[in-house]
Amino acid sequence: EKVKEVFPDVTMHDTYEAELCIPSSELRSLELKPLDQPLLKELVYHESIVLKMMDRMDPYNVFGYKERLEFYYKHLRYWSAVLEKFKPEIVLFNIVPHQISNYVIYILSCQKGLRTAFSCITGFVYLNAHLHKIEDELPAVALYKKTLAKDGICTVLLSAKMQKYIDKARQSCYEDALPARILMVKHTVKKNDIINRSLVRSIYECLCDFRTILASILKPPREHFVKRKGKKLTDPFWSRFEFSLYKYKFKRKKLSFARYYERIAEVPDLKCKYVYVALAKQPELSTCPQGDFYVDQRLMIEVLSKSVPEGWNIYVKENILQFNEKFAGECSRSYEYYDTIASLANVKLVSLRTHSSFDLIDNAESVASVTGTTGFEAVLRGIPAITFGRAWYNGCEGVYHVSSYEECRKVIKEIEKDCVVNYEKVRMFLSALEESCFNYCILDKELQYADISYEENVKNLTKSIQEACKGV
């Protein structure tokens, strides 16, 4: 309403309704054109990505392939008509498009030749780059290569904030060097609450949950985009009682997944040769869409398993946030998921009770991830990293990006020959990152970790948007 007061000509669209492809009240008379083979064929690469994004809507496993496909087609028809109506010169997103509606708008904009722009987050909440395509490299990569070609390996001066982070990431224990984005959610989950729960705590939590469920009966309905059995997606309203039961059920399910994971996980032998894999929390943009087909991290693990020399192991550690009750982790894990990983001959799941991530990094031959910050922490600590997706640090010294089995085998052989990560070149990459990125936070809650005032943040964000729109 406040936006409408200032900008009366703006067409507003409710977030939930956009995600469920329910037309805005101002756009219900739009004429929807039929889809045809040329368009669907042109977008075929993106189809599986969009269908995978629907996982977060399907914790009950009732959203089948046919329904998902029709839902995708519905989005294509509607958002294509919206773009045709408004004919924008540029389409802006606040972050990498990773929700169904935003991603469909993005791929249609690209297909129509429209300019797009969005913020690409890095491992630092106060450093964000503007990209025009998801597959684009960060501007820091070109700047880093240019500086390296011109000046060779040289000593660079980094900001005090960056230097403080590096010192912690290279010398401190893992808990003291957690990235800001982890610190923001750390308070929502504790390891002992997940894997060392006492009977007394479990009973107490159940009583509190039942009290919350009963109290919800008197509360008004709320919107939610999860697919329910026997319900249409166009009916997004849940009674608070139903929603509370849903949250309770999947909180218990995630705890069950955690217990099962710990039962089949092992204490790793750090003296043997291994590649360390830190699983990404899912569903999340770091793997969908930025992981491409490696959104199924089991594919990455299988490639690694077949690529390493005989005698090497693959140590896979789950992200504890996967079991957090506040996230939708139930949509991306199952007992079979862990069984599939553990069934590979040289792959071992690592217990969450044992070594820290830094211990596992320091003793590894290499660290592998789709796009996770663990890979960057590895090169900071002198260990080469392998990425399978579009990590923000791709292009940095010591980072090998692979997409195929053959590429992975080649990289592993190179690492086996005693690959050395040049620390000064890593610093040069970070210097290029600081120089080429915009200094703003995407979320207000990130400001406390960035040492930026709200007013300065708005100013820097505005400047970055103006830069993205240049030439339009």
Pair Phe250 + Tyr60: ring centers closer than 6.0 Å: yes
Hey, do the aromatic rings of Phe243 and His224 have their centres closer than 6.0 Å? yes
Phe93 and Asn102: which non-hydrogen atoms are nearest, and at how many Å? CE2-O, 3.4 Å
Run the salt-bridge test on Arg390 and Glu137 with the 4.0 Å N-O cut-off and return the result as yes or no. no
Hey, could you give me the CG/CD1 distance between Leu344 and Ile301, rounded to the nearest 0.5 Å? 7.5 Å
Is a salt bridge present between Lys227 and Glu67, judged by a nitrogen-to-oxygen distance below 4.0 Å? yes
Classify the side-chain pair Thr340/Glu336 by whether it contains a donor and acceptor separated by less than 3.5 Å. no
Single hit among Tyr246, Phe225, Tyr16 for ring-ring contact (aromatic ring centres under 6.0 Å, His included) with Trp238: Tyr246
Should Lys254 and Glu330 count as an ion pair when the cut-off is N to O under 4.0 Å? yes
Decide salt bridge (Lys or Arg N to Asp or Glu O under 4.0 Å) for Asp55 and Lys52; before the verdict, give the C-alpha distance in whole Å, the side-chain angles of both, and the deciding distance to 0.1 Å. CA-CA 6 Å; Asp55 279 0; Lys52 188 65 178 174; 2.9 Å; yes
Can Glu414 and Lys417 be said to form a salt bridge (Lys or Arg N to Asp or Glu O under 4.0 Å), step by step? CA-CA 5 Å; Glu414 188 172 337; Lys417 295 176 183 176; over 6 Å; no
Any donor-acceptor pair under 3.5 Å linking the side-chain atoms of Tyr103 with those of His98? no
Quick check on the 6.0 Å ring-centre criterion: do Tyr315 and Tyr276 meet it? no
Do NZ/NE/NH1/NH2 and the carboxylate oxygens of Arg68 and Asp58 come within less than 4.0 Å? yes
Would you check if the distance from the ring center of Phe257 to the ring center of Tyr335 is below 6.0 Å? yes
